[in-house]
Amino acid sequence: MKVRSYQSPTLVLLAYDWPQGDDREDFLGFAIERTPGFDGAPKSWLPNRIGFEGPKPDQGDFPSNEAPIQKFYWWDARIDTRDRGSHFSYRVVPVTGKPGALKLMDNRAGTIAVQVPEVEEHGITSHFNRAVVSSQAFSKRFPDIKSASQQKAARAWLANGMEQAVPQFLDRAAGKDVEGAIYHLTDDIWIIPAFRHYGGALSLAYNHTGKDHASDAAIRTLETAGRPENAFAPRTHASIMHDKFLVRVGAADHPEAVLAGSANFTSEGLSAQANVLHAFESPALAKLYLDRKRLLDRDPGLSQTQHAQTGWSDAITVGDASIRVFFPPEPNGERMSIDTIVQAVNAAQHSVLLCAFDPTDKALLDAVFAASDAGRMMLALVNRVPDKMPSGDPSRADVAAKIEILNRAATDHDIVGFGSFSGSDTPTDFAPERVLWPGENPKIMVRVHHKFVVIDAEGERPVVYTGSANFSGNSLHHNDENLLEITNCPRIAGMYMAEFLRLYEHYRARIKSGNPKTFRLTPDHRWSRKYFAPDTPEAKARRAMAGTA
């Protein structure tokens, strides 16, 4: 067997291949053993939620040596904050036979040693949250979140350490100036208190466009706490000021580090919405962000921000990564930022992953679909796929893109939107899963808030695009945004691969249109057919991630 791993600070994703399984009608899946095991045990089998007769009535887990994993990639979901930096060994064993008489093919097993990353490595901090309100783990751990204390505990579990990204960034600043540009500032659990009590100077540009004044209350709170009014600059001359970044500024006005990503500075952005935040210890990168923030402080008109830059920045080395940044909006008719992504997708050798809130750029989606048609692994997760054909003029780029996503998802299943097991369609022996947070508006519910594209994550020269931009017309031409290109860093690309597959597989099982009443393992080799067929998404993923393409 061939086994590879992709790890983030929150999980270990294993990808493996056993080509001989294609010829075995008794091939039932894989058992995966971890050393050291769970809760102090020397070894443990990774769990499976379902068995050959379905889930356990008590909603417990089966060990995978009794209920083999019928996928060619699986993740260790029991990685916790205390495991960061720890070493584990995984043994992946093919399982044959028949239900009740399993045979573990120990002589065909593959083993791999893994170290779970720390949150900060090589001067780059990476925070990915759990963001799975609609999950069995959340339902079991938090059956009731009516009280404020219950909600805070639930949000902290979902945030998975991301709630500390801003407080830790401020702690490292140690009284130095901190400047930033923030779309929505509403989190009164962690971020606003950290700003209130921060000992240094704080200066923020914040969104104040149209009727969107979500940050006003927080700004008033900070002013009441003694922050000077001139420390806060309302941004009024964009469609929205959609940035979410902070810059640490040292002595003599020298920028030192920048925190940026997809997460809004809201409680839901840190917890219930899938997001990422990075901090980069890089004066050169921080200076670019600081210059942009100070431009926004002056509240320039849209035409000024559209022409404020001439393209991507020069490449900046940060630790083991090479990084460029682009600050949309671009002038109407120009699209250098997103066309760079399109070109990278067109050049993909192995795989393309798209994870975004609402991607509507037709050229990008066409390139992503073309990569799939050319035999590359292509998987996408968006906030939701429309359940009916949108009305309007299909020649409009945004409408055409939504139609394309809908058609593609309906036929090839390589794009999914988030879903959940509600009380009315919960599978047998599964707990009903929460759909809405208390008080949440179902019309604007967000579960997938990421904005990233990853090309060839399993290769030697991966490319990651990440930031605040939603790959849409507004993000391209009308919003204040920031977009990062990260190259020459398989470590970071592997994190995105691991986090993407965790979310993609989680929500794929929860699409209502494909939700069977009972989940159970297949009692023979039929489960593996889609993984060995030539052109299915599963077969492409098997070959690409295991490195056997």
Side-chain angles (χ1 to χ4, degrees), residues 127 129-131 133 145-170 178-198 202-227 229 231-236 238-246 259-277 293 296 357-358 383 436-451 468 470 479-482:
H127 284 283
N129 56 7
R130 281 192 178 97
V133 172
I145 54 172
K146 293 179 181 178
S147 72
S149 61
Q150 290 169 335
Q151 290 187 28
K152 182 176 180 180
R155 288 207 182 277
W157 183 82
L158 290 169
N160 202 23
M162 183 180 284
E163 78 279 9
Q164 296 303 317
V166 170
Q168 289 171 358
F169 188 82
L170 296 177
V178 172
E179 302 191 28
I182 299 175
Y183 172 50
H184 281 168
L185 174 59
T186 62
D187 172 52
D188 58 3
I189 304 175
W190 300 288
I191 295 181
I192 295 173
F195 281 159
R196 286 184 66 239
H197 297 294
Y198 180 59
L202 178 69
S203 173
L204 302 175
Y206 65 97
N207 185 69
H208 199 269
T209 55
K211 297 180 181 179
D212 189 350
H213 299 167
S215 301
D216 286 7
I219 298 302
R220 288 193 297 269
T221 295
L222 295 175
E223 290 173 346
T224 302
R227 300 286 175 183
E229 292 185 14
F232 306 110
R235 178 75 175 115
T236 68
S239 178
I240 55 174
M241 198 289 294
H242 200 234
D243 286 310
K244 323 98 171 32
F245 68 78
L246 296 174
L259 171 76
S262 65
N264 290 322
F265 287 12
T266 65
S267 299
E268 59 272 21
L270 299 174
S271 59
Q273 301 170 358
N275 276 308
V276 61
L277 283 174
K293 182 267 177 183
L296 300 180
F357 168 62
D358 189 19
N383 194 58
L436 294 174
W437 198 266
E440 189 172 22
N441 184 348
K443 294 183 179 180
I444 57 174
M445 181 173 55
V446 179
R447 288 291 175 265
V448 178
H449 195 254
H450 277 298
K451 303 96 170 48
S468 70
N470 281 317
N479 297 348
D480 298 321
E481 307 274 8
N482 65 95

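The figures here come from the full heavy-atom set of this structure, side chains too, leaving out hydrogens, waters and symmetry mates.
Between the CG atom in Leu204 and the NZ atom in Lys293 there is a gap of 7.0 Å [rounded to 0.5 Å]. Rounding to the nearest 0.5 Å gives a distance of 5.0 Å between CH2 of Trp157 and CZ of Arg130. To the nearest 0.5 Å, atom CD1 of residue Ile145 and atom CD of residue Gln151 are 5.5 Å apart. Atom CZ of residue Phe265 and atom CG of residue Leu277 lie 6.5 Å apart, to the nearest 0.5 angstrom. Distance CD1/Ile240 to NE2/His184: 7.5 Å, rounded to 0.5 Å. With rounding to the nearest 0.5 angstrom, the CG atom of Asn160 is 9.0 Å from the CG atom of Leu158.
When only modelled atom types and interatomic distance are considered, Asp358 and Asn383 share no side-chain donor-acceptor pair under 3.5 Å.
Across every non-hydrogen atom of Glu440 and Val446, the tightest pair is OE2-N, 4.2 Å. Across Thr209 and Ser239, no two heavy atoms sit closer than the pair OG1-O, 3.2 Å. Closest of all the heavy-atom pairs between Asn482 and Ala260 is OD1-CB, 4.2 Å. Nearest heavy atoms, Ala272 versus Arg155: CB-NH1, 4.1 Å. Here the closest non-hydrogen pair linking Ala205 and Leu296 is CB-CB, 4.4 Å. In plain terms, the two heavy atoms of Trp437 and Arg447 that are nearest each other are N-NH2, 3.9 Å.
Ion pairing between Lys152 and Glu163 fails under the 4.0 Å rule for side-chain N and carboxylate O.
Side-chain contact between Asn479 and Tyr183: absent, with no pair of heavy atoms (C-beta onward) separated by less than 4.5 Å. Side-chain contact check for His450 versus Val276: some heavy-atom pair is nearer than 4.5 Å. Within the 4.5 Å cutoff, no side-chain heavy atoms of Arg235 are placed close to those of Asp243. Val166 has its side chain out of reach of Trp190: every pair of non-hydrogen atoms, C-beta onward, lies at least 4.5 Å apart. With contacts defined as side-chain heavy-atom distances shorter than 4.5 Å, the pair Arg227/Arg196 does not qualify.
The side chain to side chain contact (heavy atoms under 4.5 Å, CB included) search around Ser149 returns Ser147, not counting sequence neighbours.
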request  = Starting from the C-alpha separation in whole Å, work towards a yes-or-no answer on side chain to side chain contact (heavy atoms under 4.5 Å, CB included) for Phe232 and Glu223.
outcome  = CA-CA 9 Å; Phe232 306 110; Glu223 290 173 346; 3.8 Å; yes

Worked check of side chain to side chain contact (heavy atoms under 4.5 Å, CB included) between Ile192 and Leu185 = CA-CA 8 Å; Ile192 295 173; Leu185 174 59; 4.0 Å; yes

query = Given Leu270 and Ile191, is the side chain to side chain contact (heavy atoms under 4.5 Å, CB included) satisfied, shown in steps?
reply = CA-CA 10 Å; Leu270 299 174; Ile191 295 181; 3.9 Å; yes

request  = Decide yes or no on side-chain hydrogen bond (donor to acceptor under 3.5 Å, both in side chains) for His127 and Asn275, but give the supporting numbers first.
outcome  = CA-CA 8 Å; His127 284 283; Asn275 276 308; over 6 Å; no

ask   = Where do Asp216 and His208 land on the side-chain hydrogen bond (donor to acceptor under 3.5 Å, both in side chains) test, with the steps shown first?
value = CA-CA 8 Å; Asp216 286 7; His208 199 269; 3.3 Å; yes

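Of the possible donor and acceptor atoms, none in the side chain of His449 sits under 3.5 Å from a partner among the backbone N and O of Ala263.
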